[in-house]
Student: 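Sharing a structure, written as structure tokens. Questions coming.
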Amino acid sequence: MQLPFDTTIPGILSTVYLPNQFSWTQQLKPWVFSEYRIMWFKSYRMNFACLNTMKSYRYPWTRPYSTSRTTVDSSEVKTFLALAHKWWDEQGVYAPLHSMNDLRVPFIRDNLLKTIANHQPGKPLSGMKILDVGCGGGLLTEPLGRLGASVIGIDPVDENIETAQHHKSFDPVLDKRVEYRACSLEEIVEETAETFDAVVASEVVEHVIDLETFIQCCCQVLKPGGSLFITTINKTQLSYALGIVFSEQIAGIVPKGTHTWEKFVSPENLESILESNGLSVQTVVGMIYNPFSGYWHWSENTSLNYAAHAVKQEHPVPAGFVVKGETEDRQADTSTSPAVHDELKK
């Protein structure tokens, strides 16, 4: 009997010539079939179904940011699309954001005033360019514009921008100071590189799908020495219990599905990302919301909501050279300063 001619690649496959079939047939080793589950064979002929399932590989030394990538979560867009007409209802689902202005507007104003030698009474932020990312209906954009700043509010939901434009039209003062665009942050990075004195991302980072890319984009559009302001939710068991179970499922303070706990970010993780992108963290301070009174107040406890202020370094220093103690001292000085608390109560 004539034996088949066998050429073998050890451990992977064997090529067998079968005289009676007048053809070459590749046979897969059994253990390889179990490892490469996307391959199969039929009648001793191997069929490949792997090309369309291959994942792209990124070399570790390449930067993750690309203008072709997006930080926008399409499922989040659908959630906010359904609520686009409710932004300016101060007693509705966005009531906590209206109330939050009592803290976040002075927080932004006072930290920016530290960089201005002289400012105009009534228009303290005159001459400053601010980008409000994820502006929604303009709840924070408008107050910053009334302080004299030139503000661009961007949001990926067209209906949100329509609501913001409509509400702005009632105040002629805002026409020259506030501009709205329906777009994502990464879409305007190249045209607005190092343009803004400040970038504001209030209640936004817990909704993006790529936080690292989002922070990189924020850094790129900031001028050297510019400020990044973030308010968000800490990733703790308490934030899950109160921020999702109680606020969404029990009390209905915010609509169900508004937040995803896995997207929450701790102050430590956020600070690490900021520092690695050339942003020096100046302040991290806790924020507490009282659902019964409807008011916010500052707190040393950051286990729920918190606000952060970071400054883009003119000559970026590697994160390893940051003196942790100095950062914590600055945080304590700012968060416990009586002057700051008195000003925020006004």
Side-chain angles (χ1 to χ4, degrees), residues 65 103-119 124-134 140 144 147-152 154 185 188-189 192-205 208 211-232 265-287 298 302 305-337 339-340 343-344:
Y65 170 70
L103 295 190
R104 57 184 180 176
V105 173
F107 180 72
I108 296 169
R109 179 198 64 198
D110 295 345
N111 279 288
L112 289 179
L113 286 179
K114 296 175 183 178
T115 66
I116 303 176
N118 299 303
H119 61 270
L125 300 185
S126 179
M128 304 207 78
K129 294 183 179 179
I130 300 177
L131 177 66
D132 184 10
V133 184
L140 182 56
L144 295 175
L147 290 174
S150 174
V151 190
I152 295 179
I154 63 172
L185 175 58
I188 65 168
V189 165
T192 60
E194 297 192 349
T195 296
F196 299 99
D197 299 287
V199 173
V200 178
S202 185
E203 307 306 294
V204 170
V205 300
V208 302
L211 181 57
E212 179 76 30
T213 297
F214 182 83
I215 296 299
Q216 287 176 12
C217 291
C218 289
C219 186
Q220 291 185 43
V221 300
L222 273 175
K223 295 178 181 178
S227 291
L228 173 60
F229 297 96
I230 292 175
T231 69
T232 189
V265 56
S266 68
E268 295 78 14
N269 187 25
L270 180 62
E271 182 173 346
S272 176
I273 297 175
L274 292 171
E275 297 281 359
S276 66
N277 283 281
L279 291 153
S280 176
V281 177
Q282 307 295 303
T283 306
V284 177
V285 58
M287 305 168 67
W298 294 113
T302 60
N305 296 71
Y306 64 95
H309 170 220
V311 174
K312 181 178 180 178
Q313 299 298 291
E314 298 191 20
H315 302 287
V317 178
F321 288 91
V322 175
V323 181
K324 191 70 174 178
E326 293 182 358
T327 302
E328 293 171 349
D329 290 342
R330 289 195 300 268
Q331 172 182 336
D333 291 343
T334 306
S335 62
T336 60
S337 171
V340 172
E343 182 63 29
L344 294 176

Student: Counting C-beta onward and ignoring hydrogens, is there a side-chain heavy-atom pair between C217 and T213 closer than 4.5 Å?
Tutor: yes
Student: Return the set of residues passing side-chain hydrogen bond (donor to acceptor under 3.5 Å, both in side chains) with S227 (not counting sequence neighbours), or none when no residue passes.
Tutor: H309
Student: Calculate, to the nearest 0.5 Å, the distance between atoms CZ and CG belonging to R109 and L147 respectively.
Tutor: 6.5 Å
Student: Take a 6.0 Å sphere around NZ of K129 and say whether it holds more than 12 heavy atoms from other residues, nucleotides or ligands.
Tutor: no
Student: Is E194 close to L222 at the side-chain level, that is, under 4.5 Å between some pair of heavy atoms?
Tutor: no
Student: Walk me through it: do I215 and L274 pass the test side chain to side chain contact (heavy atoms under 4.5 Å, CB included)?
Tutor: CA-CA 7 Å; I215 296 299; L274 292 171; 3.8 Å; yes
Student: Is it true that a side-chain atom of N111 and a backbone atom of F107 form a donor plus acceptor pair closer than 3.5 Å?
Tutor: yes
Student: Do I130 and D197 come within less than 4.5 Å of each other through their side chains, counting heavy atoms only?
Tutor: no
Student: Within the 4.5 Å heavy-atom criterion, are L112 and L125 side-chain neighbours or not?
Tutor: yes
Student: Distance alone, cut at 3.5 Å: any donor-acceptor contact between the side chains of S202 and R104?
Tutor: yes
Student: T232 and N305: side chain to side chain contact (heavy atoms under 4.5 Å, CB included), yes or no, with the steps?
Tutor: CA-CA 6 Å; T232 189; N305 296 71; over 6 Å; no
Student: Look only at the side chain of S266 and the backbone of N269, and say whether a donor-acceptor pair between them is shorter than 3.5 Å.
Tutor: yes
Student: Using side-chain heavy atoms (C-beta onward) and a distance below 4.5 Å, is M128 in contact with V151?
Tutor: no
Student: So how far is it from Q282 CD to F229 CZ, rounded to the nearest 0.5 Å?
Tutor: 9.5 Å
Student: Does the K312 side chain pair with the main chain of L279, one donor and one acceptor, at a distance under 3.5 Å?
Tutor: no
Student: For a quick test of reading the model, state the closest non-hydrogen atom pair linking V204 to V133 and the distance between them.
Tutor: CG2-O, 3.2 Å
Student: Taking the side chain from S272 and the backbone from E268, do they hold a donor-acceptor pair closer than 3.5 Å?
Tutor: no
Student: Does a side-chain heavy-atom distance below 4.5 Å link I152 with D132?
Tutor: no
Student: So do the side chains of V285 and Y306 get within less than 4.5 Å of each other, counting heavy atoms only?
Tutor: no
Student: Give, for atom CG of L185 and atom CD of Q220, the distance between the pair rounded to the nearest 0.5 Å.
Tutor: 9.0 Å
Student: Side chain to side chain contact (heavy atoms under 4.5 Å, CB included) for L228 and C219? Distances and angles first, verdict last.
Tutor: CA-CA 8 Å; L228 173 60; C219 186; over 6 Å; no
Student: Do L131 and V200 pass the side chain to side chain contact (heavy atoms under 4.5 Å, CB included) test, and can you show the C-alpha distance, the side-chain angles, and the key distance before you say yes or no?
Tutor: CA-CA 6 Å; L131 177 66; V200 178; over 6 Å; no
Student: Is any side-chain heavy atom of M287 closer than 4.5 Å to one of T302?
Tutor: no
Student: Write down the atom of V284, the atom of A308, and the distance for their closest heavy-atom approach.
Tutor: CG2-CB, 4.2 Å
Student: Please report the interatomic distance CG(L103) to OG1(T231), rounded to the nearest 0.5 Å.
Tutor: 10.0 Å
Student: Of the non-hydrogen atoms in S280 and Q313, which two are nearest, and what is the gap between them?
Tutor: CB-NE2, 2.9 Å
Student: If every non-hydrogen atom of V189 is compared with every non-hydrogen atom of V221, which pair is closest and at what distance?
Tutor: CA-CG1, 4.0 Å
